[in-house]
Structure formats: structure tokens, C-alpha cells
Amino acid sequence: MLQQRTLKTLTRAVGVGLHSGQRVELTLRPAQPDTGIVFRRVDLPQPVDIPIRAEAVTDTRLASTIAVGSAKVHTVEHLMSACAGLGIDNLYVDITAEEVPILDGSSAAFVFLLQSAGIALQNAPKRFIRVTRPVEVREGEGSNTKWARLSPYHGYKLRFEIDFDHPAVDSTGQSVEFDMGTGNYSRDIARARTFGFTRDVEMMRSRGLGLGGGLDNAIVMDDYKVLNSDGLRYDDEFVKHKMLDAMGDLYLIGKPLLAAYSAFRSGHAMNNLLLRELLAQRDAWEEVTFEDERQAPTGFAQPARAW
């Protein structure tokens, strides 16, 4: 059968939150089959578990935040994207503050951490959510239109298009496609960093956001150009980071999707709205397993590829 995956051993990282600027320690630990991915606020007087699910998302301004009661974890999407890219089903994420560390602004460091710990196959069938008919969410009119869609597909592929009116972005690719069956997440997507504009920094910091951001963990642009001395990691790094975010946002549904995702100018809010719309339409999806891994889509049947 196609088996669930967790880690062989625990692994740790220390960093700062992108928005909070707080120092935070992260410990990734193995979990039993059918646990799912569970964030644990171990800094609170009584540790609080926050299992991932679409309904646990409580804030989508500039990042995806999950919560149980007053216990929150901000900016979970990059770690969740790495888990999606490597097919991790079960994991405990112990965290000592309310925001996941930004590290280098991509998911590459999380991929490295997960692969360094080793990926273990478990004696339980991997459970998927298979989309059986198209589901779409849409906002705005004309030039303000944005939308996201899930359609049936035997596998998992994504297409994302951005629309930024900025010289540095205009000169790069504004659309990207990625298929788990033919691509390599670690190579093709994981190294794309978050990005921002100097003109937005003062506004963000006045709202208590972006306090941990800088040239070492983000692509920073003025009105004309990229300010990072090392330039871009991919020719189309901007749209690839939006793809990376989308993969993390969508994995907050709690199981890997079998679907084709396509989006135009989508973000954390619309991605979560799409998941909630899918779950609300009970005839649009089903939960499936593969007793014979040869029947599983390409890209899921093999253990995660090495870095």
C-alpha cells in the first residue's frame, strides 16, 4: 500500500519570526499514524495543541495563522509547504513563540531539516482528499479580479499567475506550473523567498508587522529594482514563492490533495476560502487510499527525493 510518512528522529531550528521579530525555537518530532500535523505552543503555562485543518485558520493578513482559543501560531505556510512537497503526513511541531521562524524566507531550510531527520514510512495507508468536480472562489471585477480553482486530476499539479506592476517583477515570469509527478519540489520551488517593497515597510511596522524582515530572509525591492546583492535564485522567483505559499496554504486542509489547482492573484485568504468551499460541497470530494501503490499518481509512490 501507499504508506503514511513521518520523521525518523527529531530535529531543531532557532530563528526569528518575520512579523514579530521574536526569537523562536522549533522542534520537529515524529508522530503516530493518523495524527496529522500538530503545532504545539510549548511556551504557554499549559502547552496547547493546534492540529492543522482548514477551519483552524483564523487570520490571513500577510501570512496564514492557525489557532485554538487564544493560542495562535502565525506564518505556518512555509513549513507546511515543505511538508506538502516531501509528503509528510504526521508531525509534531513544538514551538516556543507565536510565529514560525522565517529562516531564509523560503521553505528550503525546512526541507533540509525534514530530510536531515530522515523520512520514515508508517504501517498505515496514506489518506488523500480527491477532488471529484470543480470548485472555484472568485472576488472583484475587471482589473481587480482574483480567483482560485480546484479541478479533478489524478495527481497534484498547480498553476499560479501573478499581476504585479513593478519593473523588477515585470522582467521575470509572472506565471508558473508545477506537477508533483514530473517536478522536484526541493529543486524547483523550495528556494523561492518571500518578497516585499521598501515603500510598504513603514506601514507594516506601524502595524507591528515585518519586524524580523530584512535582506537575509526576503527579496526586498524599491520602486525600480531588487536590492539584494545576490539577485534572484530563480528567474521567476516571485511567482514561484506565491506557488510555494499556495502549496502550504492548501496543505492546511489536513491531507494531500489529488487535484489541479489554478489561481490568478490569489493569496492566503482566497486559498483558505477555496478549502472551506471545497469542504462545504460534500459531493465535490472524497477521501481515498491506495492499497496498491502502483495505482497511486506518479510522484506519490516513491519516497521523497533526496536534497
Side-chain angles (χ1 to χ4, degrees), residues 1-12 26-40 49-57 66 73 76-95 100 107 110-132 150 153-158 178-181 183-186 189-190 247-259 261 275 278-279 285-307:
M1 69 182 172
L2 186 60
Q3 296 165 276
Q4 293 180 31
R5 295 176 186 165
T6 190
L7 299 185
K8 290 181 179 177
T9 186
L10 63 78
T11 184
R12 292 190 174 94
L26 193 73
T27 303
L28 308 178
R29 296 192 292 114
Q32 293 298 308
D34 294 317
T35 299
I37 297 174
V38 180
F39 285 78
R40 305 188 73 214
D49 285 3
I50 310 175
I52 62 156
R53 57 192 188 97
E55 298 84 358
V57 176
I66 58 174
V73 180
V76 300
E77 61 271 12
H78 298 172
L79 173 55
M80 291 304 302
S81 186
C83 289
L86 297 181
I88 303 295
D89 299 282
N90 305 301
L91 184 68
Y92 283 112
V93 182
D94 293 351
I95 187 167
V100 175
S107 65
F110 295 118
V111 169
F112 178 79
L113 282 170
L114 293 165
Q115 291 189 322
S116 296
I119 294 171
L121 297 178
Q122 299 178 286
N123 191 26
K126 191 178 185 78
R127 304 181 189 281
F128 295 85
I129 290 177
R130 178 160 62 194
V131 173
T132 56
L150 288 168
Y153 180 67
H154 186 62
Y156 189 41
K157 67 178 178 180
L158 306 97
F178 177 74
D179 192 316
M180 286 285 284
N184 181 314
Y185 174 85
S186 302
I189 302 294
M247 291 182 71
D249 290 341
L250 295 176
Y251 206 40
L252 288 167
I253 200 168
K255 295 178 178 66
L257 289 165
L258 295 179
Y261 164 86
L275 293 185
L278 174 68
L279 293 173
W285 60 276
E286 60 187 0
E287 186 174 306
V288 297
T289 60
F290 295 95
E291 291 305 314
D292 182 347
E293 74 167 38
R294 291 173 296 183
Q295 296 175 342
T298 306
F300 288 102
Q302 300 299 321
R305 293 174 226 189
W307 178 260

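Keep in mind that the numbers below use all heavy atoms, side chains included, and drop hydrogens, waters and symmetry copies.
When every heavy atom of L150 is checked against every heavy atom of A259, the shortest pair comes out as CD2-CB, 4.0 Å. Closest approach of M247 and L158 over heavy atoms only: CG-CD2, 3.7 Å. The two residues L114 and I119 come nearest to each other via the heavy atoms O-CG1, 4.3 Å. The two residues I37 and I88 make their nearest non-hydrogen contact at CD1-O, 3.9 Å. Taking every heavy atom of both residues into account, P297 and G155 meet most closely at CB-CA, 3.5 Å. Smallest separation of non-hydrogen atoms from A124 and M1: N-CE, 3.3 Å.
Residues C83 and Y251 form a side-chain contact, since some pair of their non-hydrogen atoms from C-beta on lies under 4.5 Å apart. Side-chain contact between L257 and L278 is present, with at least one heavy-atom pair separated by less than 4.5 Å. Taking 4.5 Å as the limit, every side-chain heavy atom of S186 sits out of range of all side-chain heavy atoms of F112. By the 4.5 Å heavy-atom criterion applied to side chains, Y153 and V131 are not counted as neighbours. Two residues are said to be in side-chain contact when any heavy atoms from C-beta on lie closer than 4.5 Å; V76 and V93 fail this criterion. A 4.5 Å side-chain heavy-atom check between L275 and E55 finds every atom pair outside the cut-off. Side-chain contact between W285 and L279 is present, with at least one heavy-atom pair separated by less than 4.5 Å. Residues H78 and V100 fail the side-chain proximity criterion, which asks for heavy atoms closer than 4.5 Å.
With sequence neighbours excluded, the residues satisfying side chain to side chain contact (heavy atoms under 4.5 Å, CB included) with R130 are L258, E286, V288. Applying the salt bridge (Lys or Arg N to Asp or Glu O under 4.0 Å) criterion to D89, with sequence neighbours excluded, gives K126.
Side chain of E293 to backbone of F300: no donor-acceptor contact under 3.5 angstrom is found. In this structure a side-chain-to-backbone donor-acceptor pair under 3.5 Å is missing from N90 to T6. The backbone N or O of L86 sits less than 3.5 Å from a side-chain atom of R5, completing a donor-acceptor pair.
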*Would you check, one step at a time, whether the test side chain to side chain contact (heavy atoms under 4.5 Å, CB included) holds for L250 with Y156?*
CA-CA 11 Å; L250 295 176; Y156 189 41; 3.4 Å; yes
*Worked verdict on L10 versus Y92 for side chain to side chain contact (heavy atoms under 4.5 Å, CB included)*: CA-CA 9 Å; L10 63 78; Y92 283 112; over 6 Å; no
*Dump the intermediate steps for side chain to side chain contact (heavy atoms under 4.5 Å, CB included) on M80 and L252, then the final yes or no.*
CA-CA 7 Å; M80 291 304 302; L252 288 167; 3.9 Å; yes
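For the residue pair D34 and Q4, a side-chain donor N or O sits within less than 3.5 Å of a side-chain acceptor on the partner. In this structure, a donor-acceptor pair under 3.5 Å is present between the side chains of S81 and Y185.
Between the CZ atom in R127 and the CD1 atom in I129 there is a gap of 11.5 Å [rounded to 0.5 Å]. To the nearest 0.5 Å, atoms CZ (R12) and CZ (R29) are separated by 9.5 Å. Between the CG atom of D249 and the OH atom of Y261 there is a distance of 7.5 Å, given to the nearest 0.5 Å. Between D49 atom CG and D94 atom CG the span is 8.5 Å, to the nearest 0.5 Å. Distance check: R294 CZ to L2 CG gives 13.0 Å after rounding to the nearest 0.5 Å.
Counting heavy atoms of neighbouring residues, nucleotides and ligands inside a 6.0 Å radius, atom CG of N123 does not exceed 12 of them.
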